[in-house]
Amino acid sequence: MENISVEQEKQKGPTMDGVTVINHPLVQHKLTIMRRKETSTSSFRRLLREISTLLCYEVTRDLELTMETIETPLTTMQSPVLEGKKLVFASILRAGNGLLEGMLELVPAARVSHIGVYRDHETLQPVEYYFKAPDALDERLIIVVDPMLATGNSSIAAVDKLKERGAKNIRFLCLLAAPEGIKNFREAHPDVPVFTASIDSHLNEKGYIMPGLGDAGDRMYGTK
Ligand SMILES: O=P(O)(O)OC[C@H]1O[C@H](OP(=O)(O)OP(=O)(O)O)[C@H](O)[C@@H]1O
Ligand SMILES: O=c1cc[nH]c(=O)[nH]1
Ligand SMILES: [Mg+2]
């Protein structure tokens with residue numbers, strides 16, 4: 001087995017502008033198991049929930065804290081707290097829900113938006129079927145989650161929709177991204193930083209991420 005250190009990973013090339021690759025060893029290890037074709041639906045779902053807590057840790061690393069006065073058993077102190085209610089996790093259905101679960105474990109006070117989008121298998125164009133979001137999106141940080149950024153069409157449509165409803169401060173979190181999708185997404189939404197566990201090689205002729213992990217929604221839910 002070849003040993004790859006984080007330093008070697010970093011030397012692979014400059015990170016694309018506005019794109020953060022989360023190359024923590026735990027994330028990379030779990031991702032490898034998820035990619036394996038023999039990994040079962042139940043293991044895939046469990047790993048996605050586990051990995052989502054690690055990704056959540058990174059995507060929220062620079063969140064603002066406010067100071068609150070609290071009483072410890074010994075004294076009074078000023079201690080930092082998150083403004084969880086200001087945070088929205090926006091899940092692109094269906095596969096986004098796999099990331100959403102673990103993120104809500106870490107930030108239970110976060111608000112949630114569901115965005116129903118699937119991509120037409122022939123045209124690879126997004127088909128929108130559902131949208132629900134909390135109010136006052138302009139005052140909140142919205143973290144859009146979907147395991148896969150392939151052509152970018154679904155995530156671009158989801159972010160378009162959030163912006164139509166007033167969202168101004170948005171981040172996009174995924175597990176795998178294709179270079180083509182990152183390019184399209186960043187061109188459409190240059191103000192939205194992308195966080196991913198891997199930038200894979202390319203899209204195949206059917207628009208699947210290569211080497212990828214297959215269809216994330218199908219692998220999560222055991223559908224075809
Ligand atoms: O970047 P794109 O080319 O748009 O592809 C990525 C989209 O495809 C998958 O969803 P899918 O359409 O399979 O729907 P599902 O989650 O309901 O299975 C994935 O979860 C993304 O939403
Ligand atoms: O590789 C891909 C591309 C789009 N959607 C997926 O679930 N997988
Ligand atoms: Mg989808």
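Whatever order the structure lists ligands and atoms in, that order sets their numbers, starting from 1.
A side chain to side chain contact (heavy atoms under 4.5 Å, CB included) with Phe89 is found for one member of Ile142, Leu104, Leu99 and no other, namely Leu104. Applying the side chain to side chain contact (heavy atoms under 4.5 Å, CB included) test between Ile170 and each of Leu141, Val88, Val159 identifies Val159 as the sole match.
No side-chain N or O of Thr39 forms a donor-acceptor pair with one of Arg219 less than 3.5 Å apart. Side chains of Ser43 and Ser40: a donor-acceptor N/O pair is present below 3.5 angstrom, by distance only.
Look at Leu93 and you'll find a heavy atom under 4.0 Å from some atom of ligand 1. In this structure, Gly152 counts as a contact residue of ligand 1, since one of its heavy atoms falls inside 4.0 Å of the ligand.
Per-residue contacts place Asp215 under 4.0 angstrom from the following atoms of ligand 1 (heavy atoms of the residue considered): 13 (O), 18 (O). The atoms of ligand 1 that sit less than 4.0 Å from any heavy atom of Met148 are 6 (C), 19 (C), 21 (C). Those atoms of ligand 1 with a heavy atom of Tyr118 less than 4.0 angstrom away are 12 (O), 14 (O).
Other residues, nucleotides and ligands contribute only 12 or fewer heavy atoms inside 6.0 Å of the CD atom of Glu122. At most 12 heavy atoms of other shown residues, nucleotides or ligands fall within 6.0 angstrom of atom NE2 in His29.
Polar contact with ligand 1: present for Ser154 (N/O pair, distance under 3.5 Å). Residue Tyr129 has no N or O atom closer than 3.5 Å to an N or O atom of ligand 1.
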> Can Arg119 and Asp215 be said to form a salt bridge (Lys or Arg N to Asp or Glu O under 4.0 Å), step by step?
Replying inline: CA-CA 12 Å; Arg119 63 174 198 167; Asp215 187 302; over 6 Å; no
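Contact annotation for Asp146 and ligand 1: only side-chain heavy atoms (C-beta onward) come within less than 4.0 Å of the ligand. Of all the heavy atoms of Ala150, the ones lying under 4.0 Å from any atom of ligand 1 are found in both the backbone and the side chain.
Pairs engaging residues 125-136 under the side chain to side chain donor-acceptor pair (under 3.5 Å) rule: Asp135-Arg140 [sequence neighbours left out].
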Tabulate distances under 3.5 Å between N/O atoms of ligand 2 and N/O atoms of the protein, writing both atom names on each line.
| from | atom 1 | to | atom 2 | distance (Å) |
| --- | --- | --- | --- | --- |
| ligand 2 | 1 (O) | Ile209 | N | 2.8 |
| ligand 2 | 7 (O) | Ala216 | N | 2.8 |
| ligand 2 | 8 (N) | Gly214 | O | 2.8 |

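Nearest approach of Ala95 to Gly217, heavy atoms of both residues: CB-N, 3.9 Å.
Judged by distance alone, the side chain of Asp146 and the main-chain N or O of Gly96 form no donor-acceptor pair under 3.5 Å.
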